[in-house]
Participant: 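Mind having a look at this structure? Questions to follow.
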Amino acid sequence: DSYESARRVWNGMIDKYPALIARCADVSDVVNAVQFARCHDLPVAIRGGGHSYAGNGTCDGGLVIDLSRMKRVQVDPVKRIAWAQAGLTIGEFVCQTQAFGLATPVGNVSGTGLSGLTLGGGLGWLMGKYGLTIDNLLAAQIVTADGHVLIASATEHADLFWGVRGGGGNFGIVTDFAFQLHPVGPLLVGLVGHPLDRAREVLHFYREFTRTAPDELTTYAGFVTPPGGLPAVGIVFCYCGPLEEGERLVEPIRTFGSPIVNLLSPMSYLDLISMNDAANPAGRHYYSKVRSFRQLSDELLETLIEYSRSRTSPLSPMVFQHVHGAACRVGPTETAFAQRQEHYA
């Protein structure tokens, strides 16, 4: 009776009908599901948090190995390590680690699956200070395609560990992750919005400001349409450090031009990654593209401004993520995530 809801994923554009959905409770269930699929020559899809834009967590006519009930978190606050199961969302994971005043850098929307985010790299608000999510991955428990269970780390199955850090899927089924944790207290979070006709000046300012941004300060910019409002251009920032120092550093953002929105507040990490949840509800039809640029050239900015004016839906944003700091101090061949130079996604 629950098949119709069980087959659904976050992106309503994905509408597939798997033959079977195995709701796993532990790693032995995953092994049994893999062996069953091999015996019956079934296509397999793995669902973690179910938040994949592309709908990789489901398939037509095959077996979905659903890990979404596997949500255990074990935190060692002394060693600052957390073991986390693959069914967690990043909000559920952060909630557990913040109980100890600790966190691993994750993404931007609390409903995102922890496993999919990690295997893809993991851009987020703390990447300038602590790197990508994969830069904090210490080990992974993996069920291989032949049904074996192994631990991949820097010292065991190092080639597989290289691949799961940013290589996406098809290396096996990760059931548990070990993450390095860091002390993370209140963050200084701000939003400054300007009318769309000021986009050129705002984005030129953003380009210059980010060139000297410290590791602790991560800034996004973009074209958005607030609920019930007019199209706007905005800068959103997060400072991970002493709040007074953060207020001094972000003052140029808050005093530039004549903003129509100018918000600043201390915020918990969980509240920060939950801030955009209302704009990303389950069931909406989603489509996304990402490109990376070393520089925000005048030509690029003019092209994006032109396209921003022709957006037909208030639900369609364009956003810059400034990738810098610790995320860019990892060699391009050290993990499967090669975009290690400072850039804008």
Side-chain angles (χ1 to χ4, degrees), residues 3 6-11 14 16-72 74 83-90 93 112-122 132-179 333-338:
Y3 172 81
R7 74 177 184 88
R8 298 287 181 185
V9 291
W10 170 78
N11 188 351
I14 308 301
K16 295 186 177 181
Y17 291 83
L20 298 158
I21 301 171
R23 290 169 154 173
C24 300
D26 53 34
V27 68
S28 64
D29 283 352
V30 178
V31 171
N32 289 336
V34 169
Q35 292 172 340
F36 182 89
R38 287 172 60 88
C39 288
H40 295 275
D41 197 25
L42 289 170
V44 170
I46 316 302
R47 179 185 299 165
H51 207 264
S52 168
Y53 272 99
N56 292 326
T58 187
C59 60
D60 279 320
L63 172 63
V64 171
I65 299 179
D66 187 344
L67 312 179
S68 62
R69 295 185 174 184
M70 297 172 60
K71 294 183 179 292
R72 186 178 66 249
Q74 294 177 299
W83 275 96
Q85 289 190 310
L88 291 156
T89 64
I90 65 172
F93 176 61
T112 306
L114 176 66
S115 52
L117 176 89
T118 302
L119 297 175
L132 305 183
T133 307
I134 55 171
D135 300 332
N136 296 272
L137 183 64
L138 302 175
Q141 179 174 269
I142 302 175
V143 178
T144 60
D146 56 4
H148 288 96
V149 181
L150 53 83
I151 299 292
S153 68
T155 57
E156 299 179 81
H157 305 285
D159 54 345
L160 183 58
F161 187 56
W162 183 91
V164 298
R165 287 179 295 159
N170 290 329
F171 296 105
I173 304 171
V174 181
T175 59
D176 293 83
F177 300 84
F179 291 105
T333 62
E334 290 184 39
T335 68
F337 190 100

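Given the structure is predicted, the values throughout are model-derived calculations rather than measurements. All residue numbers in this chain count up from 1 along the given sequence.
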Participant: Counting only heavy atoms not in Asp41, do more than 12 fall under 6.0 Å of its CG?
Facilitator: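 It does not: Asp41 CG has 12 such atoms or fewer within range.
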
Participant: Determine the minimum heavy-atom distance between Pro18 and Thr58, stating which atoms define it.
Facilitator: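 Residues Pro18 and Thr58, closest heavy atoms: CD-OG1, 3.8 Å.
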
Participant: Give the minimum heavy-atom separation between Asp176 and Arg72, together with the two atoms involved.
Facilitator: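 Shortest heavy-atom separation between Asp176 and Arg72 comes out as OD2-NH2, 3.9 Å.
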
Participant: Kindly determine whether Ile142 and Phe171 satisfy side chain to side chain contact (heavy atoms under 4.5 Å, CB included), including the steps that lead there.
Facilitator: CA-CA 9 Å; Ile142 302 175; Phe171 296 105; over 6 Å; no

Participant: Drop me the distance from Asp29's CG to Ile65's CD1, to the nearest 0.5 angstrom.
Facilitator: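 It is 10.5 Å, given to the nearest 0.5 Å.
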
Participant: Which is it for Val64 and Val44 under the side chain to side chain contact (heavy atoms under 4.5 Å, CB included) test, yes or no, and what are the steps along the way?
Facilitator: CA-CA 6 Å; Val64 171; Val44 170; over 6 Å; no

Participant: Check Trp83 against Ala139 and note the closest heavy-atom contact, atom names and distance.
Facilitator: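 The pair with the smallest heavy-atom distance is CH2-CB, 4.1 Å.
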
Participant: Considering non-hydrogen atoms only, spot the tightest contact between Leu132 and Asn136 and give its length.
Facilitator: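 Answer, listing the atom of Leu132 first, then Asn136: O-ND2, 2.9 Å.
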
Participant: Would you check if Leu20 and Tyr3 make a side-chain contact, meaning some heavy-atom pair closer than 4.5 Å?
Facilitator: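 They are not in contact (no side-chain heavy atoms under 4.5 Å apart), so the answer is no.
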
Participant: Kindly compute the distance separating OG1 (Thr175) from CD1 (Ile46), expressed to the nearest 0.5 Å.
Facilitator: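 It comes to 11.0 Å.
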
Participant: Would you confirm whether the ring centroid of Trp10 sits within less than 6.0 angstrom of the ring centroid of Tyr53?
Facilitator: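 Aromatic pair counts; centres sit under 6.0 Å.
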
Participant: Would Lys16 and Asp60 pass as an ion pair if we require N to O under 4.0 Å?
Facilitator: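 Looking at Asp60 together with Lys16, the answer is no, because their closest N to O distance does not fall below 4.0 Å.
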
Participant: Roughly how far, to the nearest 0.5 Å, is the CD1 atom of Ile90 from the CG atom of Leu117?
Facilitator: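 Between atom CG of Leu117 and atom CD1 of Ile90 there are 6.0 Å.
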
Participant: Is it the case that Arg165 places NZ or CZ above or below the six-membered ring of Phe161, under 6.0 angstrom from the centre and within 45 degrees of the axis?
Facilitator: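 Yes; both conditions hold, so Arg165 lies above the ring face of Phe161.
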
Participant: Measure from NZ or CZ of Arg7 to the centre of the six-membered ring of Tyr17, then state whether that distance is under 6.0 Å and the direction lies within 45° of the axis.
Facilitator: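 So Arg7 does make the cation-pi contact.
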
Participant: Between Thr118 and Ile134, is the side chain to side chain contact (heavy atoms under 4.5 Å, CB included) condition met? List the steps.
Facilitator: CA-CA 6 Å; Thr118 302; Ile134 55 171; 4.3 Å; yes

Participant: Nearest 0.5 Å please: distance from the CG atom of Leu138 over to the CZ atom of Phe177.
Facilitator: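 If we round to the nearest 0.5 Å, Leu138:CG and Phe177:CZ are 12.5 Å apart.
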
Participant: Taking all non-hydrogen atoms of both residues into account, name the closest pair between Cys59 and Leu63 and its distance.
Facilitator: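 Cys59 and Leu63 have their closest heavy atoms at SG-N, 4.0 Å.
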
Participant: Take Val9 and Arg47 through the test side chain to side chain contact (heavy atoms under 4.5 Å, CB included) and record every step on the way to the result.
Facilitator: CA-CA 9 Å; Val9 291; Arg47 179 185 299 165; 3.8 Å; yes

Participant: How far apart are the closest heavy atoms of Gly167 and Ala336, and which atoms are they?
Facilitator: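 Minimum heavy-atom separation between Gly167 and Ala336: N-CB, 3.6 Å.
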
Participant: Can you name the salt bridge (Lys or Arg N to Asp or Glu O under 4.0 Å) partners of Arg23, sequence neighbours left out?
Facilitator: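 With neighbours one apart ignored, the set is empty.
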
Participant: Keeping the roles fixed (side chain from Ser115, backbone from Ala86), state whether a donor-acceptor pair exists under 3.5 Å.
Facilitator: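 Here the side-chain-to-backbone pair exists.
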
Participant: With rounding to the nearest 0.5 Å, note down the distance linking CD in Gln141 to CD1 in Ile151.
Facilitator: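 CD1 of Ile151 is found 4.5 Å from CD of Gln141.
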
Participant: Measure from the side-chain N and O atoms of Trp162 to the backbone N and O of His157, and report whether any donor-acceptor pair falls under 3.5 Å.
Facilitator: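 Side chain of Trp162 to backbone of His157: no pair is present.
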
Participant: To the nearest 0.5 angstrom, please state how far the CG atom of Asp26 sits from the CG atom of Leu67.
Facilitator: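 Here the rounded value is 11.0 Å.
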
